[in-house]
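What follows is one structure encoded as structure tokens, with my remarks underneath.
As the structure is a prediction and not an experimental result, all values here were calculated from the model.
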Amino acid sequence: METRSAAKKRKLLILYNQKDQVDDDDESEKSNRSRSIDRISDLPDAVLHHILFLLPIKTVAQTSVLSKRWRSIWSSFPDLDFTTLTRAPTKPHSSSSSKSLSQNSKETDFITQVLTLRDKHSDIRILRFGSRLSFSRLNGLIRLAIRRNVQELDVEVSTEDYFNFPRCVIASDSLRIFKLKSRYPGFRLPPSSVMTSGFKSLHSLSLSRIVLYNQPSLCDMFGESAFPMLKKLSLDACFGLKYLRIGCRALEDLTLENCFQLQGLDVLGGKLERLRIVRCFDAYADKSWVKIDGPRLRIILWENNAITDSSSLHNLSSLQEASIGFFLLQEDISVAKLQSVSNLFMGLYHAHCLTLDTQCIEILSNSNYFAVYLHPFNNLKSLELHTGFNKSNVPGLACIFRSSPMLHTLTLNIINDYKIERRQWNKDLWEMSNSEEEKFWESQTQALKSFLQNLTVVKIQGFLECENEVSLAKFLLKHGKALQEMILCTGHCKARYSLQRQKIRSQMMGFSWASSNAKIAFH
């Protein structure tokens, strides 16, 4: 028979278990409610827009069917990048154009629909698209973007015929970045007076494939009073352009590419910091010139340009980095152009880092080109030279070394095309001292005294232990009083040569004539 005390304990246990069951049911209900809450939709619009920008535009558009909230997010989405949807535009007569024409039309219709139906109170921050379309459709799309106060507009198109620059962008107060690239056939600019009347808020302008046969001179389009807020300017493939003057007062970055008919360039920039000129100037022009004045200019990239008849570089006291390369014709270079090369180098003497291509070395090495004078680069700490390193290049290398008295780091990049002319390594090259190259370098010891006293690191890429490079390596090891490290990059070598490399390295480090204590490393 159950006692009164035992019965009381049994009732308390039943009540306790019932309470646990109720608590478990409450927790389960809370968990289910928690799982049913859409926490992503509660995020701020700006956060959702940032997340969606990482997705393809088609995927972003599909989120609009989820709910009214997501439909609002899509209609106000500020960063419209249709380049994930549209294909790169092609020439109208390409083999694939007939198949892609209808597809391009559908893509253009989609872009138009998105711009038309978006929230009228939501501005566009970024609009990017590329397509093959008519000028009327292009102009219509750009007008829609301008009405939505677009800030960055990036367009790459191909059309049936030349088209005119869309003037609706000129008067825009919201536009900060504008990029217009024509794949084919190109577009025409309006008169300078029209271009300079607008773009009051533009910070960056990039134009590619401009047709200027009827407007060969742009000497007043980019003047001091034009484009008052422009900081970055890029002009590419300007057909027919002969004369260009850049003087925008706020400009910091200027790029000019593929202007093969250019004869005169005048750059005056009080705030210009970076200048890049690539594949420009008419090599056959009767008279060509370049003038550059930039007190804040820090970087100059001068690549594969034809040599002008005159060069004038002034006021470049802030110059840190320069890379120079020329495009040479087979004909002999005139005295005027040799003087122009001298003047160009003279204007770069403030540089701290300098890169010269093979054409520069050839000009300085040719016996007919000794008229080229190199002003001492007293601030130069790092020098990179691209060269074939055949015998004819040796005088040019010595000329550059003489003009680099305070150099710390030297990098020689030996071009593969020339290596066939050089003899393979043999031990005698390192032990003997009677080759023509070695005699030449020994004759330069006094002239290179300052250079040898400051040089600390040498790196030779494409090193094959051939006569010309071995002679220079021996000379630097012998006379480089401050030399700390010599890195010889031989490239990929077969396993059977690895033991030979180790043997060469041990032999080099044991040479009694090496006066420096430089560490020698093969890479």
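In this structure Asp119 satisfies the side-chain contact (heavy atoms from CB on, under 4.5 Å) test together with Ser75, His121, Ser122, sequence neighbours excluded. The side-chain hydrogen bond (donor to acceptor under 3.5 Å, both in side chains) search around Ser288 returns Asp309, not counting sequence neighbours. Applying the ring pair (Phe, Tyr, Trp, His ring centres under 6.0 Å) rule to His408 yields no partners; only residues at least two apart in sequence or on another chain are considered. The ring pair (Phe, Tyr, Trp, His ring centres under 6.0 Å) search around Phe163 returns Phe135, Phe187, not counting sequence neighbours. Residues forming a salt bridge (Lys or Arg N to Asp or Glu O under 4.0 Å) with Asp293 (at least two apart in sequence, or on another chain): none. Taking the ring pair (Phe, Tyr, Trp, His ring centres under 6.0 Å) definition, one finds that Phe227 meets it with Phe199, Phe222, sequence neighbours left out. Remark: Arg148 pairs with Arg118, Ile124 by the side-chain contact (heavy atoms from CB on, under 4.5 Å) rule, at least two apart or across chains. The salt bridge (Lys or Arg N to Asp or Glu O under 4.0 Å) check on Glu273 picks up nothing, with sequence neighbours excluded. Here His49 pairs with Phe77 under the ring pair (Phe, Tyr, Trp, His ring centres under 6.0 Å) rule; sequence neighbours left out.
Annotation: side chain to side chain donor-acceptor pair (under 3.5 Å) contacts involving residues 210-222, sequence neighbours excluded, comprise Ser192-Asp220.
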Quiz: residues 228-239 side-chain donor-acceptor pairs under 3.5 angstrom, not counting sequence neighbours:
{"unit_1": "Asp236", "atom_1": "OD1", "unit_2": "Asn258", "atom_2": "ND2", "d": "2.8"}
{"unit_1": "Asp236", "atom_1": "OD2", "unit_2": "Ser208", "atom_2": "OG", "d": "3.0"}

Can you give the donor-acceptor pairs under 3.5 Å from side chains of residues 344-356 to other protein atoms, not counting sequence neighbours?
none

Open item on the list: Using side-chain contact (heavy atoms from CB on, under 4.5 Å), reason through Glu384 and Lys459 one step at a time and then give a plain yes or no.
Closed with: CA-CA 9 Å; Glu384 180 175 343; Lys459 183 176 182 179; over 6 Å; no
